[in-house]
Amino acid sequence: MPSNTPETAKSFAKLPHYLVVGAGLNGASLAWHLTAAGHRVTLIDRAAPAAAGSSSHGSARIFRASYADEKYARLTLESLPWWRKLEDISGQKLLNFTGHIEHGSAAELGALAVVLSRAGVPHELIEVAEASERWPQYLLEGEHVLWQPQGGVLDAAATVHALIAAAQATGLLELYLDTEIERITQTATQAVAYTASGAVFKADHAVVAAGSWLPRELLARIDFTLPTPQFTVREVLALHFAYREGYSDFPTIIHRRGNIPAYALPGGADVNGAALKFAFHGGRPRQEALDYVAKYIPGVAPEAFGETLCNYTQTPDEEFFIETDRNITLFSACSGHAAKFAPLLGRLLFERGLLGR
């Protein structure tokens, strides 16, 4: 994907101008919706979109609507038309429905089913004996499982590239890769970003959607005076397990087991569609993951053949953090559950006035 340099950037007509720092799922989504609405956007990333080690890398994230908070269940439904619109524009399949299973805590599953009913999300509580016959690749616990037919796997990296390409197609996007922001200040009317190489970017408004880079490095160097949460950044180990012969139709799954849910999903293009991705939400030691898979996922070989590290940037309450101070907005849709809303989130910021303009 080509990028501009300050010396070769295009000259655009005078239009409201946004600077977006971070070309991951959130920043790319915002760039798409802003440019579609006629705004000029300068999109900057310290590396490349969906680069290895970034919060938006890889081909496999779970899409599901099972949230205790009804607003997220509704947002999942609201995102679906935008997934299909982005697929139509890009000509790529970005979200695949495999169906989604949740099992374990009966109290949690019952509460989730109530929320899904209120939100109008298709679902079913299936007796565990019936579910075990239907999905023998998993060892299921509890009396019932919660089944969501509109659950599945989204390709995070492909979605990032599709969003950026859609924004570029408007002619209103300037893209700068391998460009590290050193600090961001603001005047009464502008946001000003300074790069490590000495380049300066000015815009009417800056949005920082930099994933784990925000709390790790950038936050202390941004002229932002409002309170921010105590972010926690951790790397979570995810392992890949080859499918056993005779098992290939794997729904995504979450095992609700106390404070550390386990999850698994088809690994997508990263593993040529031939393996399951497994991790604990929040992370656990490798041996614990191997022991879990050997017990609960008989449909895969118990030896991991590959691994990846997923960046989790979490707020204390696992809510998204979106706050505007004058001409700068911090946009941290994080805590390990934002990817499913990607084509929608940028529109929400823009349409609902969350950018403060």
Side-chain angles (χ1 to χ4, degrees), residues 1-57 90 156-187 190-224 311 327-333 342 345-346 349-350 355 357:
M1 184 179 296
S3 62
N4 295 321
T5 63
E7 291 76 20
T8 62
K10 296 178 182 178
S11 296
F12 294 104
K14 182 62 177 176
L15 291 169
H17 182 199
Y18 287 87
L19 171 66
V20 179
V21 179
L25 286 166
N26 298 326
S29 176
L30 181 58
W32 176 38
H33 287 291
L34 286 172
T35 54
H39 295 270
R40 293 183 299 139
V41 174
T42 299
L43 179 61
I44 297 176
D45 199 278
R46 68 185 308 192
S54 71
S55 300
S56 300
H57 82 285
S90 66
T159 300
V160 170
H161 290 287
L163 288 164
I164 293 174
Q168 286 179 313
T170 67
L172 293 173
L173 181 75
E174 293 178 289
L175 177 63
Y176 297 88
L177 304 181
D178 300 309
T179 302
E180 186 160 356
I181 297 296
E182 187 71 25
R183 61 192 175 94
I184 304 175
T185 65
Q186 56 181 317
T187 67
Q190 285 187 316
V192 185
Y194 301 84
T195 71
S197 64
V200 179
F201 294 89
K202 297 180 180 180
D204 299 309
H205 197 92
V207 181
V208 183
S212 62
W213 182 25
L214 172 63
R216 276 177 169 165
E217 299 183 33
L218 263 181
L219 189 55
R221 295 185 265 122
I222 299 174
D223 179 13
F224 196 88
N311 263 321
N327 301 308
I328 298 175
T329 295
L330 303 186
F331 178 21
S332 184
L345 283 177
L349 258 72
F350 175 55
L355 300 182
R357 300 187 67 82

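Excluded from the calculations below are hydrogen atoms, water molecules and symmetry mates; all remaining heavy atoms, backbone and side chain alike, are included.
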**Request:** From the options Leu163, Val160, Val20, select the one residue that forms a side-chain contact (heavy atoms from CB on, under 4.5 Å) with Ser29.
**Result:**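 Answer to the side-chain contact (heavy atoms from CB on, under 4.5 Å) test with Ser29 among Leu163, Val160, Val20: Leu163.
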**Message:** Can you confirm whether or not the ring centre of His33 sits under 6.0 Å from the ring centre of Phe350?
**Reply:**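 No, ring centres 6.0 Å or more apart.
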So which atom in [X] and which in [Y] form the shortest heavy-atom distance, rounded to 0.1 Å?
X	Y	value
Gln186	Ile328	NE2-CD1, 3.6 Å
His57	Ala52	CB-CA, 4.2 Å
Ser55	Gly211	OG-CA, 4.1 Å
Leu214	Ser332	CD2-CB, 4.4 Å
Ile222	Leu330	CD1-CD2, 4.1 Å
Ala191	Ala206	CB-CB, 3.5 Å

Once rounded to the nearest 0.5 Å, what's the spacing between atom [atom1] of [X] and atom [atom2] of [Y]?
X	Y	atom1	atom2	result
Thr195	Asp178	OG1	CG	12.0 Å
His17	Glu174	NE2	CD	6.0 Å
Arg40	Asp204	CZ	CG	7.0 Å
Ile184	Leu218	CD1	CG	6.0 Å
Arg46	Thr179	CZ	OG1	11.5 Å

**Message:** side chain to side chain contact (heavy atoms under 4.5 Å, CB included) for Ile181 and Val208? Distances and angles first, verdict last.
**Reply:** CA-CA 10 Å; Ile181 297 296; Val208 183; over 6 Å; no
Indicate yes or no for a side-chain donor-acceptor contact from [X] to the backbone of [Y] under 3.5 Å, with no hydrogens or angles considered.
X	Y	result
Asn26	Ala333	yes
Ser56	Leu25	yes
Asn311	Gly53	yes
Asp45	Leu177	no

**Complete:** Given the options Tyr18, Tyr194, Tyr176, Phe201 meets ring-ring contact (aromatic ring centres under 6.0 Å, His included) only with Tyr176
**Message:** Determine whether Leu19 and Val21 satisfy the following criterion, side chain to side chain contact (heavy atoms under 4.5 Å, CB included), listing intermediate values before the conclusion.
**Reply:** CA-CA 7 Å; Leu19 171 66; Val21 179; 4.2 Å; yes
**Item:** Stepwise side chain to side chain contact (heavy atoms under 4.5 Å, CB included) check, Leu173 with Ile164
**Value:** CA-CA 9 Å; Leu173 181 75; Ile164 293 174; 4.2 Å; yes
**Message:** List the residues meeting salt bridge (Lys or Arg N to Asp or Glu O under 4.0 Å) with Arg221, not counting sequence neighbours, and say none if there are none.
**Reply:**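 Per chain and number, Arg221 pairs via salt bridge (Lys or Arg N to Asp or Glu O under 4.0 Å) with Glu217.
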**Request:** Identify, with sequence neighbours excluded, every residue that meets side-chain contact (heavy atoms from CB on, under 4.5 Å) alongside Ala169.
**Result:** none
